[in-house]
Amino acid sequence: MKKRYLVTAALPYANGPLHIGHLAGAYLPADIYVRYLRLMGKNVVFVCGSDEHGAAITVRARKEGVTPREIVDKYHTSIRDTFEKIGIAFDIYHRTSEPLHHQTSQDFFRKLLENGQFEEKESDQYYDEVAGQFLADRYIIGTCPVCANPDAYGDQCEKCGSTLSPTQLINPRSTLSGAAPVMRPTTHWYLKLNEHEAWLREWINTGKADGRQLHNPATWKNHVVGQCNSWLDQGLQPRAMTRDLDWGVDVPHEIPHSEGKKLYVWLDAPIGYISATKQWALDHHTNWEPYWKDKDTSLIHFIGKDNIVFHCLIFPAILKAHGDFILPVNVPANQFLNLEGNKLSTSRNWAVWVHEYVAELPGREDDLRYNMIKNMPEQRDSEFTWKGFQESTNTELVGNLAGFVHRVLVLMHKNYSGVVPGIDASREFRSGWDAEQVGTYDSELHRLHLKLEEMGREVEQFNFREALRILMEISSAGNALLQFNEPWKAIKDDPELVKVVLNLALQYVAALSVALRPFLPFAAQRLRQMLNLPLLNDDSALLDIHNELAEGNPVIRPNHALNAAEHLFTRIPDEVIASQVAKLQAAAQANQPAAEKTAPATYPPMKEEIQYDDFAKLDIRTGTILEASKVEKADKLLKLTVDLGFEKRTIVSGIALHFQPEEIVGKQVLVLANLAPRTMRGIESQGMILMAEDAEGRLSFVSPETSWPNGWGVK
RNA sequence: GGCGCGGUAGCUCAGCUGGUCAGAGCGUAUGAUUCAUAAUCAUAAGGUCGGGAGUUCAAGCCUCCCCCGCGCUACCA
């Protein structure tokens, strides 16, 4: 067992609020894990913070007519408060705009440079000649090559979610000036990731690095290892660690060619974990370094699956390249959470926003946490539905758990005025775990202990759904214990039985008041209050219970006075669910027409003026498609044979997503006939078919109005 | 097209290196019960473990082919 733990949760990007997908993906599992470790008396630091740099934030700022600073301040505050309200208990929630972070990142850059980890390379990037600056991917918009959305960004299309590069965009234009950008050379520092490939492969697959066993790869999730190997097998390439950005951490100024260059996200965001730890250490007058550099520290990154490669390959490479840092022992990435059958989408407003949830359903933080843990996407994508949320709350939390707690407390007050009775330990009764079995107080306490241990093992293996299920089993067994022994009847003629049974049931409740804290921290405190036990802080309360149970001691001693019974959870009425569903749909619909309305307004800008001679260079001919077939191994390409009258041409055209080969045979088309041949997928294309494209990205052939002879010119 | 991860009872999901692995929770049905928020407890339902072929004494779990979902990636003049 390691001496200390450092747990990180992915830094939220400060250009929008938090939704339930973020929660289920990274923050909730991290929070459960950390709270559990604390209850077990472990030394653990849990860090997170806002990722506040990058072009998306400046784009948003310009759109809203404010400064980037105002954007990140707004969302940093909102996200931080939302985490607090939903009970995510970071030791520190830092931010990457802090000077401490800038220094930390720059120091990393200097160290990597010093270690010879970079190569300076020139590449061509889009440049806006009107605005006079290089364009971040996010500053370039154009038509998405996948879904034909005319307003896709250079890094991603928000309509279809495709990851893009600016050169893939059709008709790219600058968001700064509207001008068509031009390619221009620029210099950047590239991390020689290729040199790290070999050890990364070994480390990922065997857990060994530099001959030392650092982790057991069998404990890593399949999809994490799989995704890494997929990358490794394709060969790691040097990756640019700097960009031409205007909002971020400067490349240290003393370094030549650093003007205008910022550290790219790889050398910015993950280092935020380190600067957060530094700030935490400053605040607590302690040293941050053991948490990042001591072999006896377990470093664990909680992230969503979109972050696997960053955290399992690139960041470890950076840490190793630096030289002094430890590597993560696990990166338990979750998959994605869907909402009511569709992917969560910030831009389409298909989401449950956490800040709205906590405002609209106050006091129901744990209801949400419970349902999200129950459906946590641990191994595969999973689904949140309002109906399911209502069901899990009403049946499992209210019916099973709160019902159990309430009936125990009520029976305690009815029979013993709320004072825990002493018991006859030799008295036998029917076990709540099995109606056929006879149990004693000691044997049943022992069984409780085993269950708690079982739960703990699951948490340690990041199986949070299973861990929570085991706790609910304790509640069910408690209910069964009451059911089988019927204390409400036995009180008349067998009072000793009632004492044992109720005392035992109360031990279950008391154990749950601690064990539930990682999952349902608010309910756990309510329960403590009801039991008249001290509220939990982050001491080793669960470890203490383990120790007591191991000795055969109860969790609550006789003569302890309980507080009044209350409802731990309340039912969610149908109206609440109906209004949430309606709200979700209204938001989605409001968003739909808006997209259509704005679309026609964004015609591609006019290209620069040309002379007749330029036009005259184009040799456009009429032709007829004779044959058409799909190109092997290409989704978008059709191989066409076109009759130009005087000859037949083979033309490869990227229209396969729009037309079936059969339906276009015989079609009359216009062909740009003197375009230089180009080979695609091994086929030489001898020309280009002219197509019209609309705002939706639909394509139409451009043809003569009526049947027309092949091979004649167009002017 | 390539690669990765998935496709298990109505729903949401567990099933590690092949041999009590055919499971859990919810929903449903029937019965029991009334201390408890129309809560609880018991029992049941017969799911060809995406489809097909193969390896093996034995396969959700291994191999091959195919289909579907998600992610990454290639092609788009």
Side-chain angles (χ1 to χ4, degrees), chain A residues 143 145-146 161-163 168 170 218-219 221-234 305-306 308-309 335-336 338 343 371 374-385 387-388 391-392 394-415 432 435 458 461 463 465-466 468-470 472-473 475-484 486-491 498 502 505 565-571 630-638 651-657 672 675-678 680-683 685 687-691:
Chain A
T143 301
V146 178
S162 305
T163 306
Q168 290 177 283
I170 302 159
T219 61
K221 299 190 184 195
N222 283 343
H223 60 269
V224 171
V225 175
Q227 168 107 47
C228 291
N229 281 325
S230 174
W231 270 65
L232 290 166
D233 290 347
Q234 284 170 32
K305 69 172 165 186
D306 52 335
I308 289 172
V309 171
Q335 308 250 15
F336 287 154
N338 292 320
K343 285 198 268 192
N371 182 269
K374 184 179 156 70
N375 294 319
M376 193 171 271
E378 290 176 340
Q379 310 293 345
R380 45 155 51 146
D381 290 357
S382 70
E383 170 123 351
F384 176 90
T385 64
K387 184 81 172 25
E391 259 176 19
S392 68
N394 290 355
T395 65
E396 297 174 46
L397 289 181
V398 175
N400 189 328
L401 179 61
F404 171 57
V405 169
H406 195 246
R407 62 201 301 213
V408 170
L409 283 247
V410 164
L411 287 166
M412 276 288 177
H413 278 97
K414 276 192 178 169
N415 295 321
E458 296 296 345
Q461 292 167 56
N463 297 326
R465 304 166 59 125
E466 179 64 12
L468 182 55
R469 215 210 84 234
I470 290 168
M472 292 304 288
E473 245 177 46
S475 176
S476 283
N479 273 317
L481 177 74
L482 299 181
Q483 206 65 35
F484 297 155
E486 304 188 304
W488 48 91
K489 280 185 184 169
I491 192 66
V498 177
L502 287 188
E566 285 167 33
H567 291 147
L568 193 57
F569 290 98
T570 57
R571 299 179 65 82
K630 285 269 297 174
V631 174
E632 291 275 314
K633 302 184 181 183
D635 291 349
K636 296 173 190 171
L637 299 182
L638 288 186
I651 296 178
V652 178
S653 182
I655 58 174
L657 292 181
L672 180 56
L675 183 66
R678 163 148 174 156
M680 283 175 279
R681 286 279 143 190
I683 302 166
S685 180
M688 174 176 161
I689 307 287
L690 268 43
M691 308 292 294

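Residue numbers start from 1 in every chain, and the chains themselves are labelled A, B, ... in the order their sequence lines are given, proteins ahead of strands.
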rA24(B) C1' sits how many Å from M376(A) CE, rounded? 18 Å
Atom pair distance, as rounded to whole Å: NZ in K489(A) and P in rU33(B): 6 Å
Write down the distance separating the C1' atoms in rA14(B) and rC3(B), rounded off to the nearest Å. 27 Å
For nucleotides rG31(B) and rA36(B), find the distance between their P atoms and express it as a whole number of Å. 24 Å
How far, in whole Å, is rC16(B) from rU12(B) if one measures between their C1' atoms? 22 Å
Apply side-chain contact (heavy atoms from CB on, under 4.5 Å) to the pair N222(A) and Q379(A), showing each step before the final yes or no. CA-CA 8 Å; N222(A) 283 343; Q379(A) 310 293 345; 5.6 Å; no
Could you tell me the separation between the CG atom of L502(A) and the C1' atom of rA36(B), rounded to a whole number of Å? 13 Å
Judged by modelled atom types alone, do N375(A) and S382(A) share a side-chain donor-acceptor pair under 3.5 Å? no
Between V225(A) and E378(A), just flag the one whose closest nucleotide in RNA chain B comes earlier from the 5' side. V225(A)
Rounded to whole angstrom units, what separation is found between the CD atom of Q379(A) and the C1' atom of rA14(B)? 9 Å
Calculate, to the nearest 0.5 Å, the distance between atoms CD and CD belonging to E466(A) and E378(A) respectively. 9.0 Å
Check whether any side-chain N or O of S392(A) sits under 4.0 Å from OP1 or OP2 of rU12(B), and answer yes or no. no
Would you mind classifying the nucleic acid contact of S382(A) as base, sugar-phosphate or nothing, using non-hydrogen atoms under 4.0 angstrom? sugar-phosphate
Choose from rU37(B), rU12(B), rG71(B) the nucleotide whose nearest atom is closest to any side-chain atom of R465(A). rU12(B)
Among rC5(B), rG71(B), rC26(B), the one nearest H223(A) by side-chain distance: rC5(B)
Under-4.0 Å salt bridge between D381(A) and K305(A): yes
Would H406(A) and L568(A) count as a side-chain contact (heavy atoms from CB on, under 4.5 Å) here? Give the steps. CA-CA 8 Å; H406(A) 195 246; L568(A) 193 57; over 6 Å; no
Under 3.5 Å for both donor-acceptor distances, Watson-Crick or wobble: does rG69(B) have a partner, and if so which one? rC5(B)
Under a 3.5 Å limit on both distances, the Watson-Crick or wobble mate of rG31(B) is rC41(B)
With heavy atoms under 4.0 Å as the rule, sort I308(A) into base, sugar-phosphate or nothing. nothing
For A402(A), which contact category applies under a 4.0 Å heavy-atom criterion: base, sugar-phosphate, or nothing? base
Check the distance between rC41(B)'s P and R407(A)'s CZ and give it to me in whole angstrom. 8 Å
Using OP1 and OP2 only, check whether a side-chain N or O of K374(A) sits under 4.0 Å from rA24(B). no
Mind checking if G388(A) touches a base, just sugar-phosphate, or nothing, with heavy atoms under 4.0 Å? nothing
Report yes or no: is there a donor-acceptor pair, N or O only, under 3.5 Å between the side chain of Q483(A) and the base of rU40(B)? yes
Considering only heavy side-chain atoms of F484(A), the closest of rC41(B), rC70(B), rC35(B) is rC41(B)
Determine which nucleotide pairs with rC64(B), using a 3.5 Å limit on both distances of a Watson-Crick or G-U wobble pair. rG52(B)
What integer number of Å spans the P atoms of rC61(B) and rG19(B)? 12 Å
In Watson-Crick or G-U wobble terms, with both distances under 3.5 Å, the base opposite rC76(B) is none
By nearest heavy atom, map N463(A) and E486(A) onto RNA chain B; which one lands nearer the 5' end? N463(A)
With both distances kept under 3.5 Å, what pairs with rG18(B), Watson-Crick or G-U wobble? none
The side chain of S230(A) is closest to which nucleotide in this list: rC3(B), rA24(B), rC5(B)? rC3(B)
Shortest side-chain distance from E396(A), nucleotide among rG71(B), rA77(B), rG25(B): rG25(B)
Examine rU40(B): is either OP1 or OP2 under 4.0 Å from a nitrogen or oxygen in the side chain of N400(A)? Give yes or no. no
For V410(A), report the nucleic acid contact type (base, sugar-phosphate, nothing); a contact means any heavy atom under 4.0 Å. sugar-phosphate
Side chain of E383(A) (C-beta onward), nearest among rG25(B), rU12(B), rA39(B): rU12(B)
Below 4.0 Å: OP1/OP2 of rU8(B) and any side-chain N or O of R380(A): yes
Taking any heavy-atom pair under 4.0 Å as a contact, classify E466(A): base, sugar-phosphate, or nothing. nothing
Taking the C1' atom in each of rU48(B) and rG60(B), what is the distance between them to the nearest angstrom? 12 Å
Among the candidates rU33(B), rU37(B), rC70(B), find the nucleotide nearest to the side-chain atoms of W488(A). rU33(B)
Over all strands shown, is L411(A) touching base, sugar-phosphate only, or nothing at heavy-atom distances under 4.0 angstrom? base
Inter-nucleotide C1' distance (rU55(B), rC64(B)), Å rounded: 11 Å
Within less than 4.0 Å of OP1 or OP2 of rA36(B), is there a side-chain N or O belonging to K414(A)? yes
With heavy atoms under 4.0 Å as the rule, sort H567(A) into base, sugar-phosphate or nothing. base
Rounded P spacing from rC67(B) to rU56(B) in Å: 28 Å
Checking K387(A) against E391(A) for the side-chain contact (heavy atoms from CB on, under 4.5 Å) test, could you report, in this order, the C-alpha distance in whole Å, the side-chain angles of both residues, the deciding distance, and whether it holds? CA-CA 6 Å; K387(A) 184 81 172 25; E391(A) 259 176 19; 3.1 Å; yes
Rounded to the nearest angstrom, tell me the gap between atom CG in L401(A) and atom C1' in rA36(B). 13 Å
Once you apply the 3.5 Å cut-off to both distances, tell me the Watson-Crick or G-U wobble partner of rC11(B), or none. rG25(B)
Using the C1' atom as the point on both nucleotides, what is the distance between rG47(B) and rG10(B), in whole Å? 11 Å
From rA77(B), rA14(B), rA39(B), pick the nucleotide closest to the side chain of R571(A)? rA39(B)
rG46(B) -> Watson-Crick or G-U wobble partner, both distances under 3.5 Å, gives none
Would you call L638(A) and I651(A) a side-chain contact if the rule is heavy atoms closer than 4.5 Å? no
Determine, for E458(A) against R469(A), whether the closest basic-nitrogen to carboxylate-oxygen distance falls under 4.0 angstrom. no
